[in-house]
Amino acid sequence: MITATRPSKHGLLRFARAVAVVALALQITIGAAACSTSAPDVAPYAVATHGNPAFESTFRHEFADVDGVRMHYVTGGSGSPVVLIHGWPQTWYGWWPIMPALAQQHTVYAVDLPGLGDSTGSPTGYDKATLARYVHTLIADRLGVRDASVVGHDFGAAVAFEYAAQFPDDTARLGYLDLPLPGPAIDAPTYRTLSWHIAFHSQRRIPEAMVGGHVREYLALFYPQVSFGGTAFGGTADRSPFTDAEIDEYARTYSRPETLADGFELYRALDKDVRDTVAAPPTRVPALLMTAQGQLDAIRATVAPRMTNIVRAVDVPHAGHWLVEENPQFVAAELQRFLA
């Protein structure tokens, strides 16, 4: 015989909580299923550009295997080739504001550096000379382009310099955007004193431990610091030149632990970068130098010993470090004139 017993008050509460948890789980499952069936099947690397007519009418995502690294790049347009190389903490997407304008007269190749963005695999080193060889293998050997103009921003500028220094016969022009060049004019210990973030990112394991799990918050706080009027330039502005969607796109890739660590390796390679720049022969490739407003003389002093054919040097009005985002019309016009 089974006898019924009245449940206790605590038992009823536990039962109600269990029902609520199950109901919530069902709602989440059903909602996720609805989203998965209604959302288009878009690869992660293409989410930021999906449905954008300016992109889909001209550009496409491509991949190529280069010495153990699967390199991602975006290409489009027609005319003389232009290679765009990003810095930290960005990807090829950092060039997007000016790519449609450049593609009107040029075939554009916007590259994700090895280990960063949607390029997967580990390069043999994160010194800028090694990264330049990966980019050159992609552009010259895999794609057969041996007369490219190479444009870099931030650490991508140092990669572009090494590309021109190592492969001058394959480099038509050099665009160098807003980076003190590690080398004879500024050694690695001095370089690390230029900003708190350079010293911090140069440490082993510490930045990964501090930033990991909070990548988007870190990037959102970092971008305004080195923007026009930001604290890195002695100002007080905290307005970011990046939209939420742009920050989401960068956080998408840098939130991967291996990509976050690879980005910090760009800083940890500074000692070798200095040695490589000192050893590199001065390049006479025609060069354009662009910097943040007020930074032209300081940065030109670091590049002049190794770039001996600077045909134009300008600072970008009302722009901090993020030249392309903060004044895209000016940057696009300068590049178009220089590349023509």
Side-chain angles (χ1 to χ4, degrees), residues 58-87 91-92 94-95 98-99 101-119 121 123-125 127-153 155-177 181 276-277 279-290 303 306-312 332 334-340:
T58 305
F59 298 95
R60 64 187 184 274
H61 294 271
E62 297 283 359
F63 290 86
D65 292 328
V66 178
D67 298 336
V69 172
R70 187 172 186 250
M71 289 188 66
H72 170 250
Y73 63 98
V74 170
T75 184
S78 61
S80 58
V82 178
V83 178
L84 304 175
I85 307 174
H86 67 88
T91 65
W92 78 269
W95 296 105
I98 65 172
M99 284 172 61
L102 294 181
Q104 294 174 11
Q105 297 173 313
H106 304 280
T107 303
V108 175
Y109 302 92
V111 177
D112 275 344
L113 287 170
L116 301 178
D118 288 291
S119 292
T124 56
D127 58 278
K128 313 314 170 285
T130 295
L131 295 178
R133 290 192 286 272
Y134 277 87
V135 177
H136 179 262
T137 300
L138 169 67
I139 299 300
D141 297 342
R142 300 291 185 270
L143 302 180
V145 177
R146 296 192 173 272
D147 57 345
S149 295
V150 182
V151 181
H153 172 249
F155 280 133
V159 176
F161 162 77
E162 285 289 349
Y163 191 112
Q166 296 179 65
F167 312 105
D169 293 339
D170 292 340
T171 311
R173 287 177 177 262
L174 168 62
Y176 191 96
L177 276 58
L181 179 64
D276 289 340
T277 305
T283 175
R284 289 198 53 79
V285 171
L288 166 68
L289 173 63
M290 278 196 282
V303 303
R306 285 297 179 267
M307 292 165 51
T308 60
N309 190 15
I310 299 175
V311 299
R312 182 163 173 77
E334 286 290 334
L335 282 172
Q336 286 171 317
R337 179 169 63 175
F338 172 68
L339 297 171

Sub-4.5 Å side-chain heavy-atom contact between Asp112 and Met71
no
Look only at the side chain of Gln166 and the backbone of Arg133, and say whether a donor-acceptor pair between them is shorter than 3.5 Å.
no
Answer yes or no: is there a side-chain heavy-atom contact under 4.5 Å between Leu116 and His86?
yes
Trp95 versus His153: any side-chain heavy-atom pair under 4.5 Å?
yes
Taking the side chain as every heavy atom from C-beta outward, state whether Thr283 and Arg306 have any atom pair closer than 4.5 Å.
no
Are Val145 and Thr107 packed together at the side-chain level, in the sense that at least one heavy-atom pair is separated by less than 4.5 angstrom?
no
Side-chain heavy-atom pair Pro123, Leu131 within 4.5 angstrom cut-off:
yes
Quick one: does Asp276's side chain get under 4.5 Å of Lys128's, heavy atoms only?
no
Between His106 and Gly77, is there a donor-acceptor pair closer than 3.5 Å when you use the side chain of the first and the backbone of the second?
no
Okay, side chain of Ser119, backbone of His72: is any donor-acceptor separation there less than 3.5 Å?
yes
Identify whether the distance between the nearest side-chain nitrogen and carboxylate oxygen of Asp147 and Arg173 falls below 4.0 Å.
no
Which label fits His61 and Trp92: parallel for a plane angle under 30°, tilted from 30 to 60°, or perpendicular past 60°?
perpendicular
Donor-acceptor under 3.5 Å (Arg142 side chain, Asp65 main chain):
yes
Heavy-atom closest pair (Leu84 atom, Val108 atom, distance to 0.1 Å) is CD1-CG1, 3.7 Å
